[in-house]
Amino acid sequence: MSRRKSIVAGFSVLLLALQAGAAALDNAVERELPSLLAIYKELHAAPELSHFETATSATLAAQLRAAGFEVTEGVGKYTSPGFQGHGVVAVLDNGKGPTLLIRSDLDALPVQEKTGLPYASSVRFKMPGGQEMPVMHACGHDIHISSLIGTARVLASMRKSWHGKLILIGQPAEETIDGASAMLRDGLYERFGRPDFALALHDWDDVPAGKVGLTPGFALATSTQMDITVRGVGGHGSKPEKAKDPVVLAAQIVLALQTIVSREVSPFDQAVVTVGTIHGGTKRNIIPDEVRLELNIRTYKEAVRQHILASVDRIAHGLAQAAGMPADRMPIVQVMDNEFAPALYNDPKLSARIAPAIIRELGADNVLELPPVMGSEDFGQFGLDGKIPVVMFRVGAVDPARYAEAQRTGAVLPSVHSSLFAPLPGPTIETGVRAMVAAALELLK
Ligand SMILES: [Zn+2]
Ligand SMILES: [Zn+2]
C-alpha cells in the first residue's frame, strides 16, 4: 500500500477510493489463486504441440463456460489441409460499451523438460508422420491460459463495475505463427464482433515475478522465413574444373548476406539476417549438385523487410553469376509466406491509457518500461495492420530470489523455450490477472 500512497500522495479522497478498489481486486484474485494454480499444474503436465491443442482448448472452453461466458470451440481455418482449428472464443455481453478482446495462446513446444519440478511434463507426442516428440510448455503459454481463466472469473464477478463486450480467445498455434491468422480466416471478427482494442500478456524470463513490463511502440519484430537452394553442377572432388561448386558459392552467399544489415540497412533501423541451417553434400570427394540454406529475417519496419528480401535475392543471383553458374542453375530463392509474423506494435495511446491503471493496481515500482526485442509473435495480426490498437505487456515470471542471485553472480537465467524454464506460477499468474483486470476495467469503464 505504501507504494500506491507515494504515487497519489496528497489526493486523500482519491487514495481511499483507489485503495478500496485495489483491495477488492486483490481479494478477488487471491480467492481464485489456489484453483488457478491447480489448473496451471495440470496444463503444465499435459502440454500439446501447435495444431494439436485438443485437450488444452477443451479445458479452457469448460473453464470459461463455467465462468459465465458463451463459448464457441473449434475456431480456426488453416491453409495447410489436415490441421484442425482448436481456437476458443468466449463472449460476455455486458450492455452497451466498447468491445475488448483478450487473447491467450494455447500451444507448447517440442522440448524435453528438464526442470525436475513435481508437475514437469513427461509427454511424448506421436506426430501424424509417426515421429515422436517430447513436449513442454517451455514458453509459458500455460501461465497465459491460467491468467485468462482468472481474468474471466474476476471480470465476470465484477460485472457491475464495467460495461461493454468482452471477447476472450484461446489462440492455437502461436509457436508456428499461423494460429492468429487461422482464427481471423475463420471469421473471428465477423462472427463474434470486431474489438475496439486487443490485449495480451506474455510471461518473461528476465523480470522477477510480481512485476510487469510495458513497451510502447515496436515491441516485437517481423519474422520471415526464407530458403535458398544454391544449385551447382556436381562432379568428382578431384576435378573442380569440370564442375560448378555450390559449396563454395553457398559459403560466399552466407558471408555476403552479412553485409545487408551492416552496409545496406540504416543504423537507426533494427534488422537481423540469420542463416540457421546449411546442408549440402554426401561425401568428401564429391562436389554436390546443390546446397540448401534456411534463413530467418527480423525487422520492425515493413520497408526494411522488403529491402532485405530483395537484397537476399540480388546477392544470391549476383554471386551465382559471378561464379559462372549456367542460367538454368541459378539459385532458387523462396519466401515462406504462411510462416510470416508481422511486427508487434504496441499502440502508444492504448499503452498510455492502461499504464496508470496497472500502476494503481501493482504500484509504480512493479511496472517497468522494457526495451523491445527481436523475438516474434502473431498477436499483432489481431490489429489488422494498425486498424485496431493492440498492446501486449510482459509479466515477470522469475522467482525473485533466483533473480536477485543471478544479478549478484552474473548467472544466466533459463530463457523461454529452454528445457529449464520454470516460471514461479503463483505470483506470476496473480500479477498477470491483476494487471489484465485493471487494464480491462480502465477500457470498459
Ligand atoms: Zn514461444
Ligand atoms: Zn510464447
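In listed order, ligands and their atoms are each counted from 1. One is the number of the first residue; the rest follow in order along the sequence. The structure displayed is predicted, hence computed values, not measured ones. For the numbers below, each heavy atom of this structure counts, side chains included, while hydrogens, waters and symmetry mates do not.
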**OP:** Measure up the Phe52 and Phe125 rings against each other and bin them: parallel (under 30°), tilted (30 to 60°), perpendicular (over 60°).
**Re:** tilted

**OP:** Side-chain contact test, heavy atoms from C-beta onward, threshold under 4.5 Å: evaluate it for Glu377 versus Ser223 and give yes or no.
**Re:** no

Original post:
Using a distance-only test with no angle check, is there a side-chain donor-acceptor pair under 3.5 angstrom linking Glu175 and His417?
Top reply: yes

**OP:** Not counting sequence neighbours, list each pair that qualifies as a ring pair (Phe, Tyr, Trp, His ring centres under 6.0 Å) and has a residue in residues 134-175.
**Re:** His141-His144, His141-His202, His144-His202

**OP:** Can you list, by chain and residue number, the protein N, O or S atoms under 2.8 Å from the Zn ion (ligand 1)?
**Re:** Cys139 SG, Glu175 OE1, Glu175 OE2, His417 NE2

Pair up each side-chain donor or acceptor in residues 383-402 with any protein partner under 3.5 Å, not counting sequence neighbours, and list the distances.
{"residue": "Lys387", "atom": "NZ", "partner": "Leu384", "partner atom": "O", "Å": "3.4"}
{"residue": "Arg394", "atom": "NH2", "partner": "Thr215", "partner atom": "OG1", "Å": "2.8"}
{"residue": "Arg394", "atom": "NH2", "partner": "Pro371", "partner atom": "O", "Å": "2.9"}
{"residue": "Asp399", "atom": "OD1", "partner": "Ala401", "partner atom": "N", "Å": "3.0"}

Original post:
Among all residues two or more places apart in sequence or in another chain, which pass the side-chain contact (heavy atoms from CB on, under 4.5 Å) test with Val123?
Top reply: Pro47, Ser121, Val135

